[in-house]
Amino acid sequence: MKKYFLKKYNTLLVLLLSALGILSSCDKNNGGGIQAEYGCPNADFIVKGCIASDSTGAKIKNIKVVSQDSVYSDLAGNYILIMNAFPENQTFTLHFKDVDSTDNGSYQNLDTTISFQNPQFTNGDGDWYEGQTTKELNVKLNLK
């Protein structure tokens with residue numbers, strides 16, 4: 001009799017704990033569905049500017065700007081580079097490379113860093129994405 005009572009008691013206890021576990025993981029404000037969150041806080045760090053010749057001041061097109069990703073300057077020498085990282089103080093190394101040989105002149109490569117200290121983010125979604133912050137970096141390249 002004791003064994004029968006313990007079996008029934010254990011079965012009832014397992015059912016009760018299972019129901020409590022399932023009910024506690026449901027979000028009642030979301031139609032009772034299970035709320036799952038995956039990801040890591042992140043933000044976009046945007047660097048934009050203009051690339052010009054140091055000697056003439058003329059805007060330089062087709063300069064490759066490399067960091068986490070790469071972009072090319074447009075016909076007016078403008079570039080926009082977007083890097084996604086953890087939303088805290090960040091420092092990025094930027095490489096400016098003349099890769100089109102002599103089509104626009106022949107310019108020396110330039111390596112520089114840009115720091116985002118105490119960045120202020122805008123347009124976040126309230127979840128993992130904190131938003132974006134922007135800095136301007138105008139560059140002058142020397143002829144080879």
Side-chain angles (χ1 to χ4, degrees), residues 5-144:
F5 176 73
L6 286 176
K7 267 185 154 181
K8 293 295 180 186
Y9 178 75
N10 284 345
T11 302
L12 181 64
L13 189 59
V14 165
L15 290 173
L16 180 64
L17 290 175
S18 297
L20 286 174
I22 291 171
L23 290 175
S24 68
S25 67
C26 293
D27 180 9
K28 292 171 181 47
N29 295 328
N30 192 17
I34 295 175
Q35 181 74 22
E37 289 191 33
Y38 301 99
C40 176
N42 67 88
D44 288 329
F45 294 84
I46 301 171
V47 180
K48 63 182 181 177
C50 186
I51 303 170
S53 170
D54 189 37
S55 59
T56 66
K59 310 300 186 211
I60 310 170
K61 65 178 182 175
N62 293 329
I63 298 294
K64 186 175 184 179
V65 185
V66 181
S67 187
Q68 291 176 347
D69 200 358
S70 63
V71 296
Y72 289 88
S73 59
D74 63 12
L75 293 173
N78 298 314
Y79 71 95
I80 297 175
L81 186 62
I82 301 172
M83 296 154 295
N84 191 274
F86 195 79
E88 63 181 4
N89 294 342
Q90 293 286 347
T91 300
F92 299 99
T93 301
L94 302 178
H95 307 280
F96 295 86
K97 300 178 180 182
D98 186 4
V99 293
D100 66 359
S101 68
T102 59
D103 289 347
N104 61 2
S106 186
Y107 291 93
Q108 294 178 359
N109 294 339
L110 174 69
D111 295 336
T112 188
T113 59
I114 188 163
S115 294
F116 289 84
Q117 299 297 320
N118 301 317
Q120 301 298 313
F121 300 104
T122 58
N123 302 326
D125 64 5
D127 288 326
W128 292 112
Y129 180 65
E130 292 290 323
Q132 60 190 21
T133 186
T134 304
K135 278 202 167 185
E136 187 169 331
L137 178 64
N138 295 318
V139 174
K140 295 197 180 242
L141 298 181
N142 294 317
L143 287 167
K144 285 185 180 178

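In this chain, numbering begins with 1 at the start of the sequence shown.
- Taking all atoms of both residues into account, the shortest heavy-atom contact from Lys135 to Ile114 is CB-CD1, 3.8 Å.
- The two residues Asp69 and Leu81 make their nearest non-hydrogen contact at O-CD1, 3.9 Å.
- Not counting sequence neighbours, the partners of Gln132 by the side chain to side chain contact (heavy atoms under 4.5 Å, CB included) test are Asp44, Ile46, Thr122, Asn123, Tyr129.
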Point to revise | side-chain contact (heavy atoms from CB on, under 4.5 Å) between Val47 and Met83, worked out | key: CA-CA 8 Å; Val47 180; Met83 296 154 295; 3.5 Å; yes

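- For Lys8, the NZ atom is loosely surrounded, since the number of other residues' heavy atoms within 6.0 Å does not exceed 12.
- Shown here for Ser73 and Ile51, the closest heavy-atom pair between the two residues is CB-CD1, 3.9 Å.
- Take Phe121 and apply the ring pair (Phe, Tyr, Trp, His ring centres under 6.0 Å) test, not counting sequence neighbours, and it matches Phe45.
- A distance of 5.5 Å separates CZ in Phe86 from SG in Cys40, rounded to the nearest 0.5 Å.
- The shortest side-chain heavy-atom distance between Leu143 and Ser55 falls under the 4.5 Å cut-off.
- A distance of 9.5 Å separates CG in Asn62 from CG in Asp74, rounded to the nearest 0.5 Å.
- Atom CD of Gln68 sits about 5.5 Å away from atom CZ of Phe92, to the nearest 0.5 Å.
- Applying the side chain to side chain contact (heavy atoms under 4.5 Å, CB included) rule to Ser115 yields the partners Thr91, Gln117; only residues at least two apart in sequence or on another chain are considered.
- For Glu136, the side chain to side chain donor-acceptor pair (under 3.5 Å) criterion is met by Asn138, not counting sequence neighbours.
- Formation of a donor-acceptor pair under 3.5 Å by the Ser67 side chain with backbone atoms of Thr93 is found in this model.
- Residues meeting the ring pair (Phe, Tyr, Trp, His ring centres under 6.0 Å) test with Phe96, sequence neighbours left out: Tyr79.
- In this structure, Thr134 and Lys48 approach most closely via the heavy-atom pair CG2-CE, 3.8 Å.
- Residues Asp98 and Asn109 share a closest heavy-atom pair of N-OD1, 3.3 Å.
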Practice item. Under the side-chain contact (heavy atoms from CB on, under 4.5 Å) rule, what do Val71 and Ile82 come out as? Steps first, then yes or no, please. Key: CA-CA 9 Å; Val71 296; Ile82 301 172; over 6 Å; no

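- Heavy-atom contacts from other residues, nucleotides or ligands closer than 6.0 Å to CD1 of Ile80 number 12 or fewer.
- Rounding to the nearest 0.5 angstrom, the gap separating the SG atom in Cys50 from the NZ atom in Lys59 is 4.0 Å.
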Exercise for review: Carefully, step by step, assess Leu141 and Val139 under the rule side-chain contact (heavy atoms from CB on, under 4.5 Å).
Suggested key: CA-CA 6 Å; Leu141 298 181; Val139 174; 3.8 Å; yes

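- With sequence neighbours left out, Asp125 forms a side chain to side chain donor-acceptor pair (under 3.5 Å) with no residue at all.
- Here the OH atom belonging to Tyr107 is positioned 11.0 Å from the NZ atom belonging to Lys140, to the nearest 0.5 angstrom.
- Atoms CG and OG1, from Leu16 and Thr11 in turn, are 12.5 Å apart once rounded to the nearest 0.5 Å.
- Taking both residues in full, the closest heavy atoms of Ala52 and Gly57 are given as CB-O, 3.8 Å, listed atom of the first, atom of the second, then distance.
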Exercise for review: Test Leu94 against Asp111 for side-chain contact (heavy atoms from CB on, under 4.5 Å), laying out the working first.
Suggested key: CA-CA 6 Å; Leu94 302 178; Asp111 295 336; over 6 Å; no

Review point. Can you list the steps and then say if Asn42 with Asn84 is a side chain to side chain donor-acceptor pair (under 3.5 Å)?
Key: CA-CA 7 Å; Asn42 67 88; Asn84 191 274; 3.1 Å; yes

